Each structure stands twice: as structure tokens, then as C-alpha cells.
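What follows is one structure encoded as C-alpha cells, with my remarks underneath.
The structure presented is a predicted model; accordingly, all values stated were derived computationally and were not measured. Numbering of ligands and ligand atoms starts at 1, following listing order.
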Amino acid sequence: MWSLLTKGMGDPTHFPTPLERTAMRPANDALIVIDVQNDFCPGGALAVAGGDEIIGGINALMGEFQTVVLTQDWHPENHLSFADNHPGAEPFSLTEMPYGPQVLWPSHCVQGTSGAEFHPTLQTGPAQMVIRKGFRPEIDSYSAFFENDKVTPTGLDGYLRSRGVSHVTLVGLATDFCVAYSALDAARLGFDVRVRKDLCRAIDLGGSLGAARDAMLAANVVLE
Ligand code: VGL
Ligand code: ZN
């Protein structure tokens, strides 16, 4: 018993475990890992340049958090955000949806396909929760909190609040779409929000990265 109590308290024979060496963040701070899926990494259907470069850093960061959530873009084949489902439309063109303008994407993250799987090097063990989004054919969902109509919830707000979370740190893909929309919604919901820019990569379509950065700064999101 005595030796258990003194472990890590100056006992020169005790070598600290990885957990003891890492400064754990308080229980009210959650890490949200956005869409680190094969289709958003090099070789995928909607590849984000350098998307796989951030995975080692994300895995390491998970060790500091007591709450880790992964999100997974999870579309049916007939999803209306896909250019393939709008005859004659080019990928990356814009259309109007009842909830506003919508980019038409190459088909990506189709439920049950390998493109929708998490990247094989992403550590998934530390996550207690996986939020799937974008599963309704008629509406896209960039944010981890709300679909693009800004009112249909994913349930993540309730999950985090019932676990006492008030602060969130966001990482993942893509900075200017799912990460930014999640950060803006989290700020609107009253969370303290930080985005680790070095652990995100962007699509940057028609100035979307600059616009996302401005919107996040205006919403008091800390970009670091
Ligand atoms: C995303 C476009 C379409 C993202 C998801 O994860 O940023 N972007 N679906
Ligand atoms: Zn998508």
C-alpha cells in the first residue's frame, strides 16, 4: 500500500507511466476530432491536401483529454450534397437548397464503404463517443452539432453537457468546412472553443479558408 501511495511522488525507482508524464486537462475540456476519414485523406474521394499529416499529432493529443469524441461524415448514396445526384452538375459547383447555398461535392464518405472508415492510423480507442452526421439524404451536415439547416441537432450538445463539458478543442478535417461549422456552432451554444490550426487541414474553395477564419475569430473562437 505504502509503495503504491509513494509511486510518482519522488520515488526514484518509479518510472512514470505515459499518463503520469502527460498533463491531463480538466474533465470539463473535451477533444473533438472531426472527420479523419479515408475519403478526406490523400487518395480519397474528397482528399484534403496533407490530411494525413495531422493524425500523429491528434493521436498524441488524445492522451491529454478525459473526453474524446470522433465525428464521422456518413452519407447515403443518394445524398443531395453529391454532384452525382444532380444530373449535369459539376463537382464543387454551388446549388440552392431550402436551407441556403450548398456546394455539390464529389460522392464521399458513403455509409459502409472504406472511404467512410476512419483513417487506419487514427487511434479510435480513446474515444468514448462517435457522432455520425449527414445521414439524411436531403440535408448536409458539416457541423458536429447541427445539420446545415442550423436547427436539426446531432445530439452532441446534450452528450457534452450531461458529461459536464464546457470547453472544447477541435482538430481534424476540413478546417474551412466541418471544423469551422462545428467551432461556430459550439461558440453559439456557449462552449469555450479552441481550434488547433496545426492539427487541421483545409479544402480552401473560393476563399473559404479566409472566410472561415474571419467568422471563427468574430465568434471568439481561439485559433492556435
Ligand atoms: C466535409 C465537405 C463535405 C468536411 C464533409 O468534413 O469538412 N466537407 N463533407
Ligand atoms: Zn460530406
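In this structure, the protein non-hydrogen atom closest to atom 6 (O) of ligand 1 is Asp35 OD2, 2.7 Å. The closest protein non-hydrogen atom to atom 5 (C) of ligand 1 is Asp73 OD2, 3.2 Å. For atom 4 (C) of ligand 1, the closest heavy atom belonging to the protein is Cys178 SG, 2.8 Å.
Per-residue contacts place His108 under 4.0 angstrom from the following atoms of ligand 1 (heavy atoms of the residue considered): 3 (C), 9 (N). Taking every heavy atom of Ala174 and a limit of under 4.0 angstrom, the matching atoms of ligand 1 come to 4 (C), 6 (O), 7 (O).
Coordination check, His108 versus the Zn ion (ligand 2): passed, since an N/O/S atom of the residue sits under 2.8 Å. At a cut-off of 2.8 Å, His75 coordinates the Zn ion (ligand 2) through an N, O or S atom.
Counting only N and O atoms by type, the side chains of Asp84 and Ser107 include a donor and acceptor under 3.5 Å apart. Between Asn38 and Glu117, the side chains place no donor N or O within less than 3.5 Å of an acceptor N or O (distance only, hydrogens not considered).
Asp73 contributes atom OD2 as its closest N/O/S atom to the Zn ion (ligand 2).
With hydrogens and angles ignored, the 3.5 Å screen pairs no side-chain donor or acceptor of Glu147 with any backbone N or O of Asp140. The backbone N or O of Cys41 sits nowhere less than 3.5 Å from a side-chain atom of Asp52 that would complete a donor-acceptor pair. Distance alone, capped at 3.5 Å, is enough to place a donor-acceptor pair between the Asp176 side chain and the Ile203 backbone.
The side-chain contact (heavy atoms from CB on, under 4.5 Å) test with Val165 is passed by exactly one of Thr67, Asp192, Val69: Thr67.
The residue Val103 has no part lying near ligand 1, judged by heavy-atom distances below 4.0 Å.
In this structure, Phe82 has its ring center closer than 6.0 angstrom to the ring center of His108.
Taking any N or O of Phe40, backbone or side chain, none lies under 3.5 Å from an N or O belonging to ligand 1.
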